[in-house]
Amino acid sequence: MAAKKNYWLVKSEPVKYSWGQFVKDGETVWDGVRNYQARNNLKAMKNGDEVLFYHSKEGMAVVGVAKVSKEAYQDPSTGDERWVVVNLKPAKALKTPVTLEEIKKDKKLQNMKLLQQGRLSVSPVSEDEFHTIVDHGSKKS
DNA sequence: GCCAACGTTGGC
DNA sequence: GCCAACGTTGGC
């Protein structure tokens with residue numbers, strides 16, 4: 001076991017699907033991804049991988065951490081075989097949301113895909129970046 | 001609400 | 001296979 005764990009970041013517009021709703025649901029199917037890069041990232045997710053949950057537009061902050069509870073499978077919301085989904089479960093909420101502004105200010109986070117490619121909805125995060133963010137989120141600001 | 005950036009599509 | 005047009009996303 002103990003294959004190396006990977007880290008990711010997914011975004012959602014809170015208007016559409018918020019962290020609060022996610023926690024209430026207990027588990028969700030991450031569907032609606034219609035972008036190849038994002039799709040490839042979904043496919044690379046493994047059970048137990050940790051995923052930063054980011055609110056785009058309204059909020060613009062990482063608000064919690066989720067875990068992959070089911071690896072990629074065919075998107076049930078479309079017959080198109082190209083698209084896949086994963087299941088995610090909330091792992092823990094961040095005490096303080098880590099805002100985009102804060103991420104931009106942190107030297108260690110300058111290489112994040114989030115900053116380089118703002119529009120990508122599922123992106124890889126390095127272990128360092130992951131821990132840095134969770135660190136920010138566990139502090140009172 | 002606006003605008004810029006990017007990805008995707010379709011015509012050639 | 002290339003490139004222009006279009007649509008969508010997301011920050012401000």
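Chain letters run A, B, ... following the sequence lines, proteins first and then strands; every chain starts at 1. None of these values were measured; they are calculated from a predicted model. Only heavy atoms go into these numbers, but all of them, side chains included; no hydrogens, no water, no symmetry mates.
Proximity of a side-chain donor or acceptor of A/H55 to a complementary backbone N or O of A/W19 within less than 3.5 Å is detected.
At the heavy-atom level, A/L120 lies nowhere under 4.0 Å from the strands shown. Among the heavy atoms of the strands lying under 4.0 Å from A/K104 are primed sugar atoms or P, OP1, OP2 only; no base atom is included.
Mapping A/K57 and A/R82 onto DNA chain B by nearest heavy atom places A/K57 closer to the 5' end of the strand.
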Give DNA chain C the dot-bracket treatment, 5' to 3': Watson-Crick (N1-N3 with N6-O4 or O6-N4) or G-U (N1-O2, O6-N3) under 3.5 Å, [ ] crossing, | other strand. ||||||||||||
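Protein atom CD of A/Q116 is 16 Å distant from nucleotide atom P of B/dA5, rounded to whole Å. Counting to the nearest Å, the C1' atom of B/dG1 and the CD atom of A/E58 are 12 Å from each other. Atom CG in A/N35 sits about 11 Å away from atom C1' in C/dT8, given to the nearest Å. Here C/dC12 presents its P atom at 12 Å from CD1 of A/I103, a figure rounded to the nearest Å. Taking atom CH2 on A/W83 and atom C1' on B/dT8, their separation rounds to 9 Å, with Å as the unit. Between the CZ atom of A/R119 and the C1' atom of C/dG10 there is a distance of 8 Å, rounded to whole Å. To the nearest angstrom, C1' of B/dA4 lies 17 Å from CG of A/L115. Atom pair A/E13:CD and C/dG10:C1' shows a separation of 8 Å (rounding to whole Å applied).
In terms of hydrophobic clustering, with Ile, Leu, Val, Met, Phe, Trp and Tyr side chains grouped at heavy-atom distances under 4.5 Å, A/I133 and A/V122 are assigned to different clusters.
A donor and an acceptor atom never sit less than 3.5 Å apart when one is taken from the side chain of A/R34 and the other from the base of B/dT8.
For the pair A/R34 and A/D75, the salt-bridge criterion is met [side-chain N within less than 4.0 Å of a carboxylate O]. Checked for salt-bridge contact, A/D80 and A/R82 meet the test: a charged N lies under 4.0 Å from a carboxylate O.
Distances shown here put every side-chain N or O of A/Q37 at or beyond 4.0 Å from the OP1 or OP2 atom of B/dC6.
Listed nucleotides C/dG11, B/dC6, B/dT8 differ in distance to A/Y36; the shortest reach to its side chain belongs to B/dT8.
Taking the six-membered ring for Trp and the full ring otherwise, A/W83 and A/Y36 have centroids separated by under 6.0 Å.
The one candidate from A/H131, A/K67, A/K5, A/K92 that meets the side-chain hydrogen bond (donor to acceptor under 3.5 Å, both in side chains) condition with A/E50 is A/K5.
Ring geometry for A/Y17 against A/F53 counts as tilted: the plane angle lies between 30° and 60°, on a 0 to 90° scale.
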